[in-house]
Amino acid sequence: MHTFTESSAETARALADLCLDRLQMQAPLDLSLTPAQLRDAAGETVTAAGIGSAEALRLWEHVLAPACLSVDHPRYLSFIPGAPTKAAAAFDMLVGASSVYAGSWLEGSGAVYAENQALRWIAELAGLPAEAGGVFVQGGTVGNLSALVAARATARHQRDVTGRPRPGRWAVVVTEETHSSVKHALSEVMDVETILVAGDYRGRLTGAAIRQRLAELDPAQRDGIFAVVATAGSTNLGVVDDIAGIASVAQEHGWWLHVDGAYGGAGLAAPSIRSLYAGIEHADSFIVDPHKWLFSPFDSCALLYRDPVLARAAHTQRAGYLDPVTVEGEWNPSDFSVQLTRRARGLPFWFSLAVHGTEAYTTAIELTLDVTRAGRMLIDAAEHVQMLVEPDLSVLVFERLGWGAADYSEWTARLLDSGFAFVTPTTHRGQVCTRFAIVNPQTTADDLAAILDTMR
Ligand SMILES: *Cc1c(COP(=O)(O)O)cnc(C)c1O
């Protein structure tokens with residue numbers, strides 16, 4: 001298995017050909033199958049003697065891959081789609097072939113250097129100081145968790161050194177539209193209280209609302225607060241919180257400000273909407289997922305800290321066998337998040353950024369915003385649909401007048417079964433509706449018009 005033979009060469013060439021085909025073609029949207037359907041079609045694939053590369057590849061190409069939705073299809077508008085550049089997707093293959101361990105500087109200095117350059121670009125977009133830095137983790141979920149763990153460790157340390165007692169229960173301020181990963185990290189992983197503050201009519205968390213809520217809390221609860229999470233692009237509505245207002249409350253109370261830009265952080269590179277992010281320069285930590293609106297393959301989240309020393313204090317794992325890699329002054333990515341071994345998951349993003357330059361990213365993001373604005377005009381002009389939330393970024397939330405939950409579900413299934421589009425229902429203020437999430441520069445206004453026509 002480990003010697004390179006004529007047969008390994010054949011397998012590698014066949015794989016390279018398949019990759020080239022996938023990069024060139026507009027992949028069909030494809031379908032999700034049931035376990036029974038896949039058992040019938042693929043059968044038992046893991047056997048004592050092996051099924052051989054030709055058969056395994058045949059199964060992948062003709063049975064398994066078509067049972068995976070193509071997230072980069074221009075009419076895949078559900079959740080947050082992905083749309084990797086060709087350069088990023090191709091480089092991901094090389095990362096896989098290169099056995100790079102990117103957890104420590106000792107083992108992966110070249111990869112870590114390149115990843116850090118990509119992180120630098122993001123830090124500068126956000127206006128973070130020169131010392132800011134971090135790591136690429138798996139996704140926003142691990143990014144949010146790692147940031148909040150660093151925030152709590154910092155709060156603990158501050159109390160311990162100043163002699164201020166630790167609270168009965170630690171707490172973090174969030175709002176209804178705060179991503180589920182943050183709420184899960186707080187309540188299930190960290191066992192921290194979430195203090196829910198009401199959002200405004202578009203679900204935006206504001207500094208004023210936090211102040212009002214604080215006045216209602218009992219002193220013990222207030223004392224436990226160590227952080228607030230601002231969302232720079234809510235997943236469901238694409239709305240950016242009042243970051244500047246939140247930052248000023250955080251500053252007054254000495255809280256850690258975490259900004260979750262997993263989806264919307266990419267908009268920092270778009271001059272037409274940059275002003276929405278005012279105040280982000282005060283963030284103590286910030287995340288953005290390149291696998292969402294920064295055109296990289298799954299999976300990757302850029303996690304940045306204003307002061308990486310605080311994150312290192314929280315996350316460095318100690319063990320005798322790790323001493324050789326824990327060298328003072330060296331940048332070890334595993335010191336900044338909840339992980340040790342790591343794939344160099346920022347490299348596909350770095351490669352594409354290096355190849356095309358940052359201006360190409362600005363252009364591509366602005367293009368998706370133009371298509372979103374065109375889609376909004378189509379919805380405003382049509383009589384059967386109606387916008388529900390004023391959009392900030394590239395998500396359009398709207399209803400089909402007269403439809404109930406069953407109508408939306410039937411419509412979603414019909415579009416997917418016919419391979420035409422993937423658009424799922426959602427809810428806004430208890431009302432069933434639907435949404436377009438536009439992060440793919442190949443999605444056109446014509447695509448949106450054609451989907452709206454299917455709702456007549
Ligand atoms: C997608 C998303 C997350 C979770 O990110 P994953 O990469 O899916 O783990 C967190 N926050 C926001 C705002 C998101 O849109």
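Start at 1 and go down the list; that is how both ligands and their atoms are numbered.
Note on E399 versus R435: no salt bridge recorded, every NZ/NE/NH1/NH2 to OD/OE distance being 4.0 Å or above.
Scored by the side-chain contact (heavy atoms from CB on, under 4.5 Å) test, H73 finds Q26, L29, S70, R75, Y76 as partners (sequence neighbours excluded).
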* Report the C-alpha distance between R166 and D223 in whole Å, list the side-chain angles of each, state the deciding distance to 0.1 Å, and finish with yes or no for salt bridge (charged side-chain N to carboxylate O under 4.0 Å, His left out). => CA-CA 9 Å; R166 292 187 184 186; D223 177 58; over 6 Å; no
* To do: Let me see the working for D92 and R343 under salt bridge (charged side-chain N to carboxylate O under 4.0 Å, His left out), right down to the final yes or no.
  => CA-CA 11 Å; D92 204 32; R343 176 181 173 85; 2.7 Å; yes
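Judged purely by atom type and a 3.5 angstrom limit, D289 has no side-chain atom pairing as donor or acceptor with the backbone of G139.
Two residues are said to be in side-chain contact when any heavy atoms from C-beta on lie closer than 4.5 Å; H428 and R202 fail this criterion.
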Can you list every pair where an N/O of ligand 1 is under 3.5 Å from an N/O on the protein?
unit_1, atom_1, unit_2, atom_2, d
ligand 1, 5 (O), G140, N, 3.2
ligand 1, 5 (O), D289, OD2, 3.4
ligand 1, 7 (O), G140, N, 2.8
ligand 1, 7 (O), D289, OD2, 2.6
ligand 1, 7 (O), H291, NE2, 3.0
ligand 1, 9 (O), G140, N, 3.1
ligand 1, 9 (O), T141, N, 2.8
ligand 1, 9 (O), T141, OG1, 2.7
ligand 1, 11 (N), D260, OD1, 3.2
ligand 1, 11 (N), D260, OD2, 2.7
ligand 1, 15 (O), T235, OG1, 2.8
ligand 1, 15 (O), K292, NZ, 2.9

